[in-house]
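Taking it in order: structure first as structure tokens, then the write-up.
The shown structure was predicted, so the numbers you read here are calculated from the model rather than taken from an experiment.
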Amino acid sequence: MDAIADAVKHYLARTGHILTRLSAQEDKDDLLTGRLSPDMFDTGFNLALAIQFAARCICPPTGQDVPDIPDEFTFESLSAYHAQISQLIAPIRADDLTHPVSHVAGEAELRHDPDEYVTRFAFPNMIFHLTIAYAGLRHGGMSLGKADFDGLHRY
């Protein structure tokens, strides 16, 4: 579980990097309102969900509550939410993830042991929403690359 806890923190940091890149955009709040398709969540909400899923990965298996997402999805509110979640999960170690998690996914009521919850539900959802937010920012005209997303590639 150490690897997955580290991966959650890594991709939350990548979300912070993307927010830092967004801060340089004149139209940053407009970029957050874009949608890849009319029936999808907007980019700001997907960023908020990616941030929230970092907490959802780590907090429920420790018995902690997950802070609510902001009421609006502006650059300022998302940056503050990112800071809050980063501070919340920073001290949590894999050894702390001991509680089974009961939750709802769509209309399915599920119960998972901590490993299964994090690896099969919460972390994939974090990556999904981060990917959709990344694509929304790119679609809106922001220059981002794979290195911005994963922090590993260099071009």
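Looking at Asn125, its side chain never comes within 3.5 Å of a backbone N or O of Ala122 through a donor-acceptor pair. With His153 contributing its side chain and Lys146 its backbone, the two residues share no donor-acceptor pair below 3.5 Å. Listed for the Thr33 side chain is a donor-acceptor partner under 3.5 Å among the backbone atoms of Asp30. Although no hydrogens or angles enter the test, the distance criterion places a donor-acceptor pair under 3.5 Å between the side chain of Ser23 and the main chain of Thr20.
Between Phe53 and Phe121, some side-chain heavy-atom pair lies under the 4.5 Å cut-off. For the pair Leu110/Ser102, no side-chain contact is recorded, criterion being any heavy-atom separation below 4.5 Å from C-beta on. At a threshold of 4.5 Å between non-hydrogen side-chain atoms, the residues Pro67 and Gln84 count as touching. Side-chain atoms of Leu47 and Leu19, non-hydrogen and from C-beta on, do get closer than 4.5 Å to each other. Counting heavy atoms from C-beta on, the side chains of Leu12 and Met126 come closer than 4.5 Å. A heavy-atom distance below 4.5 Å is found between the side chains of Leu130 and Ile18. Within the 4.5 Å cutoff, the side chain of Phe75 has no heavy atoms near those of the Gln25 side chain. Inter-residue side-chain proximity for His103 and His112 is flagged as met; some heavy-atom pair is nearer than 4.5 Å.
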Point to revise | Derivation of the side chain to side chain contact (heavy atoms under 4.5 Å, CB included) call for Leu22 and Leu31 | key: CA-CA 9 Å; Leu22 181 61; Leu31 284 166; 3.7 Å; yes

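Within 6.0 Å of NE2 on His139 lie no more than 12 heavy atoms contributed by other residues, nucleotides or ligands.
In this structure, Pro60 and Tyr117 approach most closely via the heavy-atom pair CG-OH, 3.8 Å. Nearest heavy-atom pair across Ala48 and Tyr81 is O-CE2, 3.7 Å. For the pair Pro114 and Thr98, the tightest heavy-atom approach, listed with the atom from each and the gap, is CG-C, 3.6 Å. The nearest pair of heavy atoms linking Ala55 to Leu88 is CB-CD2, 4.5 Å.
Checked against side-chain contact (heavy atoms from CB on, under 4.5 Å), His17 has the following partners two or more places apart in sequence or in another chain: Arg14, Arg21, Asp148. Annotation: ring pair (Phe, Tyr, Trp, His ring centres under 6.0 Å) contacts of Phe45 (sequence neighbours excluded): Phe41, Phe73. Shown here are the ring pair (Phe, Tyr, Trp, His ring centres under 6.0 Å) partners of Tyr11, two or more places apart in sequence or in another chain: Phe149.
Sorted by first and then second residue, the salt bridge (charged side-chain N to carboxylate O under 4.0 Å, His left out) pairs involving residues 103-112 (not counting sequence neighbours) form an empty list. Within the structure, every pair that satisfies the side-chain hydrogen bond (donor to acceptor under 3.5 Å, both in side chains) test and touches residues 39-65, not counting sequence neighbours, is listed here: Ser37-Asp39, Asn46-His129, Thr62-Gln64.
The CG atom of Asp113 lies 5.5 Å from the CG atom of Asp115; values are rounded to the nearest 0.5 Å. In this structure, Cys57 SG and Ile85 CD1 are separated by 11.5 Å, a value rounded to the nearest 0.5 Å.
With hydrophobic clusters built from ILVMFWY side chains whose heavy atoms lie under 4.5 angstrom apart, Ile51 shares a cluster with Ile4. Residues Ile92 and Val66 do not share a hydrophobic cluster, defined by chaining ILVMFWY side chains whose heavy atoms lie under 4.5 Å apart.
Chaining together hydrophobic side chains whose heavy atoms lie under 4.5 Å apart places Ile132 alongside Leu36, Met40, Phe128.
A side-chain donor from one of Thr74 and Ser77 sits under 3.5 Å from a side-chain acceptor of the other.
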